[in-house]
Amino acid sequence: MRILYGVVGEGMGHAIRSRVVLDELVKRHEVQVVVSGRAHDYLAQRAGEHLQVRKIWGFTMVTEDNEVRNFRTLLSNVRGAIGGGWPQNVRAYFEIARRFEPDVVISDFESWSYLFAVNHRLPVISLDNVQMVNRCQHSPGIVRGHEADFQIAKGVVKTKVPGAFHYLITTFFYPAVRKRRTTLHPPVLRPEVLAARPEPGAHLLVYQTYTTNMDLARFLQKTGLECRIYGMRRDLQAPVREGNLVYLPFSEQGLVEDLRTARAVVASGGFTLMSEAVYLHRPVLAEPVGKQFEQILNARYLEALGYGMCAEPIDERALSTFLDRIPDFEANLSSYSQDGNRDLLAKLDEVLQAVSQGGDVVEPEDPSIS
C-alpha cells in the first residue's frame with residue numbers, strides 16, 4: 001500500500017514512536033511522511049527509497065515557568081501561519097496528491113494528513129497516546145481538580161482526528177474504552193530501549209523539555225545525589241558539572257544509558273520517557289506541564305499504579321518523599337512486562353488489511369457518547 005504518515009512536530013515523543021512504526025511499515029509498503037518542527041530533522045535521517053519525508057508547518061505551544069501560555073501560543077501560531085506556514089502546506093498538498101497518491105493515511109495526532117484524507121476520501125488510522133483523553137473513561141479521582149482542563153482537552157482531542165477508521169492508543173495504563181473501533185496497546189519502544197538491561201545505579205536521570213524550570217535545579221542540588229540533567233541547557237556541546245548536577249547535551253544513546261542505570265527518573269508528564277522508564281522498572285517523579293491535561297493524565301495514572309509520584313509542582317517535600325518511597329515503587333514496577341512492540345504492530349497490520357479489503361472510510365460516531 002501507499003501510506004501517507006502524518007507526525008505532529010510538538011515534542012519529540014511522536015517522532016520517536018513513529019520512527020519505530022515506520023521502520024516496520026517500509027518493509028512492505030511505500031511511505032510518505034509529513035512532519036513539522038524538530039521532529040522533521042529526526043525522521044529525515046531515516047529517509048530512503050521507500051520512505052520520503054516532507055516538512056510541513058505545524059502548530060507549536062509556548063510555555064513559561066512550566067506552564068502553557070495560551071495567548072502567546074495563539075499569537076505565535078498566527079504569525080507562523082501567515083508568515084509562510086499555510087503556503088508551505090498548500091504546496092505540499094498538491095505535490096503529494098499529484099506524485100504519491102496515497103491509499104491510506106496514518107496520523108500520529110497530526111491534522112494536515114487527516115485533512116488530506118478527508119478531501120480525498122481516504123481511510124484514516126489514528127495511532128498515538130493522546131486519544132486516551134477522549135476515547136477512554138476516566139474516574140473522578142483521576143481528573144479531580146482539573147475538571148475544566150479535562151473538558152477543554154477532550155474537546156480539542158476530539159476534533160483532532162475525528163471519524164477515523166480505527167484508533168490505536170499506546171499506553172501503560174488501561175482504563176475502560178468508551179468508543180467503538182478503539183484498542184489499547186503497550187507503548188511503542190525504541191530498539192535501544194528494548195535492548196537495554198537495567199542495572200542498579202545511584203544517580204537520578206532528569207529530563208526537562210522546558211528551560212524555564214529553575215527551581216528544580218535548586219531542589220535537586222540539595223539531595224546530594226548525582227543528577228544527570230538533559231534539556232535544561234540546550235546549547236551545550238559537552239557536559240557541564242556544577243557540584244552534584246551534571247548538565248548534558250542531548251544524546252539519544254546517552255539518555256538510554258543513563259535511564260538504564262538510573263536510581264530513578266525526574267521528568268515532566270511526557271508519555272515517551274515515562275513509558276520507557278516503566279518498561280525498565282525505573283520509578284518516576286513526574287511534574288506535568290501546567291494546563292497540558294494529557295501530561296496530568298499520564299502522571300496521575302503512573303501514581304495510581306504505584307510506579308511513581310505525580311507532583312504539581314515538584315518541591316523539596318515532594319522530592320524527598322519520592323526518594324524515600326523508591327523501594328515501594330520498584331516493587332510495584334517489578335511485575336510490569338510487555339512483549340516488545342508485537343501487540344501494536346500486529347494490530348496495525350490487521351487494520352491495514354481491513355482497509356485494503358474495502359472497510360468503511362470513516363467511523364460513524366455514536367452521537368449519544370459525548
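Quick note: numbers below take in every heavy atom, side chains included, and nothing from hydrogens, waters or symmetry partners.
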Under 3.5 Å donor-acceptor, [X] side chain and [Y] backbone:
{"X": "Glu303", "Y": "Cys310", "value": "yes"}
{"X": "Gln151", "Y": "Asp149", "value": "no"}
{"X": "Glu110", "Y": "Trp112", "value": "yes"}
{"X": "Arg325", "Y": "Gly308", "value": "no"}
{"X": "Tyr167", "Y": "Val161", "value": "yes"}
{"X": "Arg300", "Y": "Ile142", "value": "yes"}
{"X": "His138", "Y": "Pro175", "value": "no"}
{"X": "Glu294", "Y": "Val130", "value": "no"}
{"X": "Gln338", "Y": "Pro187", "value": "yes"}
{"X": "Asp108", "Y": "Asp128", "value": "no"}

Phe329 pairs by ring pair (Phe, Tyr, Trp, His ring centres under 6.0 Å) with which of Tyr307, Phe322, Tyr336?
Phe322
So which of Tyr174, Phe173, Phe271 actually passes ring pair (Phe, Tyr, Trp, His ring centres under 6.0 Å) with Tyr301?
Phe173
How close do [X] and [Y] get, heavy atom to heavy atom, and via which atoms?
{"X": "Phe100", "Y": "Leu4", "value": "CE2-N, 4.1 Å"}
{"X": "Leu220", "Y": "Thr223", "value": "O-OG1, 2.7 Å"}
{"X": "Ser113", "Y": "Ile106", "value": "OG-O, 4.4 Å"}
{"X": "Pro191", "Y": "Val20", "value": "CD-CG2, 4.1 Å"}
{"X": "Phe219", "Y": "Leu319", "value": "O-CD2, 3.6 Å"}

Spell out, yes or no, whether Ile152 and Met132 are grouped together once hydrophobic residues are joined by side-chain heavy atoms under 4.5 Å, including indirect joins.
no
Are Val143 and Val156 linked, directly or through other ILVMFWY residues, by side chains that come within less than 4.5 angstrom of each other?
no
Looking only at the side chains, is there a donor atom on one of Asp349 and Gln353 sitting less than 3.5 Å from an acceptor on the other?
no
Strictly below 4.0 Å, N to O, side chains only: are Arg144 and Glu312 in salt-bridge contact?
no
Salt bridge check: are Arg228 and Glu226 linked by an N-O gap of less than 4.0 Å?
yes
Can you confirm if the aromatic rings of Tyr279 and Phe172 lie within a centre distance of less than 6.0 Å?
no
Is the number of heavy atoms from other residues, nucleotides or ligands within 6.0 Å of CD (Gln137) greater than 12?
no
Neighbour count >12 (heavy atoms, 6.0 Å) for atom CZ, Arg317:
no
Test log, rule side-chain contact (heavy atoms from CB on, under 4.5 Å), inputs Arg263 and Leu225:
CA-CA 10 Å; Arg263 181 179 180 186; Leu225 299 172; 3.6 Å; yes
Relative to the ring of Phe150, is the ring of Phe293 parallel (under 30°), tilted (30 to 60°) or perpendicular (over 60°)?
tilted
Pick out which of Asp343, Thr182, Leu345, Leu127 makes a side chain to side chain contact (heavy atoms under 4.5 Å, CB included) with Leu168.
Leu127
Should the pair Lys160 and Tyr114 be classed as cation-pi, given the thresholds of under 6.0 Å to the six-membered ring centre and 45° from the axis?
no
